[in-house]
Amino acid sequence: MIPLLSFSLFASSLGEKLDYLFQKRKTLSQQFVKATSDLDSYISGDYYGFFPYEGNYLDVTLSLQIKGNEVKIKPSMKARIDLPKTKKKMQLILTEHDEEITHQDIQQEYGEKRKKYGTLLGIKYFLKNRLFASTSFSAGVKLGSPVDFYTRAKLIKTVKLNRDWQMIGEQKFYLFSHRGFQSFTTLNFDKKIDKDFMFRVSNNLIYKNKEDSFEIAHSLMLFHHLTKQDDFIYSATVAGLSKNLNKSTPKVSTYEFKTVYRHTMSNKWLYFDIIPAVNWDREHHFKPNYSLNLNISVIFGKYDIY
């Protein structure tokens, strides 16, 4: 009887604490919504009305990274703040890789690859044209050591090849104050198998002028939408690297197999990632290296507008 009573009291106490945390998150989320609307009014000079944008969000993630005998806990944040009063031409970004990677975009790669590019904080301006699906220019700062100011031009082109296949090309040109010129090129071929499966052939090129390096990666990816709350990605990647483009061609540097499992809670603002992977890289004489990433993420703003 006493253990049962103790458990009931513990469950009641835990429930009260969770309710407090959930309410606190909602309060902070609504404050974030208000702040983004005020910022939109300030930048646009239009102070008429309260005009929050439902796509704005702040995503806070805590990652447990296990690789061999090494264990790391890594917090991170990313955010997107559209400014609709600027006629939807401007956007603020805070991201560890690219602002298009959102909490629902399971059709992107996750895990350690994101941290190669650092955290970008900047403002983005959109241009409309008929040739590209999206054209934008960005300026800001790349956080890290050393701090680096950057400007960027980005072009996206989508081509419908037939009923099942489409091609998505993305070109980004960066000019950093410290790291110099860099170019990121992506060419994806997507095939929708049915409502739950999609297949992708992904090709990526990265050129860094200061290091005179050239990286190339090819991936085969299968996206599985299991339920409304559960998604999987299965990917196999081969990557090559040339550290001196003028003297050598890229050599295979890494082979990798990865699975991403994501579960989104019914409230939509809380989700979990489980990412097991194995890779073989030249630096370790192509011996298998196993890793596991466990992520928990909380979203502010997106689901608390009204």
Side-chain angles (χ1 to χ4, degrees), residues 35-36 38-46 53 55-59 61 76-102 105 108-110 112-158 168-188 202-217 241-246 301:
T36 60
D38 290 345
L39 183 64
D40 187 19
S41 297
Y42 178 78
I43 292 178
S44 66
D46 180 3
Y53 189 70
N56 291 350
Y57 70 89
L58 171 66
D59 188 318
T61 299
S76 62
M77 289 193 303
K78 57 179 179 280
R80 188 187 72 201
I81 302 173
D82 288 315
L83 305 171
K85 287 185 178 180
T86 65
K87 297 181 180 179
K88 298 183 179 180
K89 289 184 177 181
M90 299 182 72
Q91 183 183 87
L92 297 180
I93 55 174
L94 172 66
T95 175
E96 288 209 2
H97 185 187
D98 193 277
E99 64 273 17
E100 279 66 41
I101 297 182
T102 69
D105 193 359
Q108 295 283 353
E109 289 190 84
Y110 289 81
E112 291 186 336
K113 288 187 177 180
R114 291 194 307 172
K115 69 182 183 182
K116 287 184 180 180
Y117 306 107
T119 300
L120 303 180
L121 173 62
I123 190 164
K124 184 176 180 181
Y125 184 81
F126 292 93
L127 291 177
K128 291 185 178 180
N129 64 76
R130 297 180 180 180
L131 185 59
F132 297 98
S134 176
T135 304
S136 64
F137 294 91
S138 305
V141 62
K142 186 174 185 178
L143 306 178
S145 181
V147 172
D148 214 349
F149 295 96
Y150 76 91
T151 56
R152 185 188 74 176
K154 180 176 179 179
L155 308 170
I156 298 177
K157 178 74 171 180
T158 302
I168 304 174
E170 181 179 299
Q171 179 62 59
K172 291 180 285 188
F173 298 106
Y174 285 89
L175 185 60
F176 292 97
S177 59
H178 177 75
R179 294 171 177 86
F181 175 78
Q182 296 183 7
S183 170
F184 294 71
T185 305
T186 299
L187 187 61
N188 292 334
S202 181
N203 307 281
N204 296 274
L205 303 173
I206 302 173
Y207 171 68
K208 297 180 180 180
N209 182 66
K210 188 174 183 179
E211 295 88 345
D212 194 25
S213 69
F214 182 81
E215 299 177 55
I216 183 170
L241 172 66
S242 171
K243 293 185 178 180
N244 191 326
L245 186 58
N246 294 324

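The basis for the numbers below is simple: all heavy atoms, side chains too, and nothing from hydrogens, waters or symmetry mates.
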Lys208 and Glu215, any side-chain heavy atoms less than 4.5 Å apart: yes

Step-by-step side-chain contact (heavy atoms from CB on, under 4.5 Å) determination, Leu205 to Phe214: CA-CA 7 Å; Leu205 303 173; Phe214 182 81; 3.8 Å; yes

Ring geometry between Phe181 and Phe173 (parallel below 30°, tilted from 30 to 60°, perpendicular above 60°): parallel

Test item: Asp148 and Tyr174 side chains (from C-beta on) under 4.5 Å apart, heavy atoms: no

Partner set under side chain to side chain donor-acceptor pair (under 3.5 Å) for Glu211, not counting sequence neighbours: none

Close side-chain approach of Arg152 and Lys172, heavy atoms under 4.5 Å: yes

Check against side-chain hydrogen bond (donor to acceptor under 3.5 Å, both in side chains), Glu170 and Ser134: CA-CA 9 Å; Glu170 181 179 299; Ser134 176; over 6 Å; no

Heavy-atom pair of closest approach, residues Asn56 and Asp82: OD1-N, 2.6 Å

Sub-4.5 Å side-chain heavy-atom contact between Ile206 and Phe184: yes

Separation of Ile93 CD1 from Leu121 CG (nearest 0.5 Å): 8.0 Å

From Leu58 atom CG to Lys78 atom NZ, the distance as rounded to the nearest 0.5 Å: 10.0 Å

Donor on one side chain, acceptor on other, Ser138 and Gln91, under 3.5 Å: no

Those residues that, when tested against Thr158, pass side chain to side chain donor-acceptor pair (under 3.5 Å) (two or more places apart): none

Heavy-atom closest contact (Leu241 atom, Ser213 atom, distance): CD1-CB, 4.4 Å

Set of side chain to side chain donor-acceptor pair (under 3.5 Å) partners for Asn188, sequence neighbours left out: Ser202

Side chain to side chain contact (heavy atoms under 4.5 Å, CB included), paired with Gln182, selected from Tyr150, Tyr207, Phe176: Phe176

Spatial distance of atom CG (Leu187) from atom CD (Gln171) [nearest 0.5 Å]: 10.5 Å

Minimum heavy-atom distance Met90-Tyr125, with the two atoms named: CG-CD1, 3.8 Å

Gap between atom CZ of Phe137 and atom CD1 of Ile123 - 0.5 Å precision: 14.5 Å

Minimum side-chain heavy-atom gap Lys157-Leu131 below 4.5 Å: yes

Shortest non-hydrogen separation from Lys210 to His178 and the atoms involved: NZ-O, 3.0 Å

Atom pair CD1 (Ile156) and CD1 (Ile168), whose distance is rounded to the nearest 0.5 Å: 8.5 Å

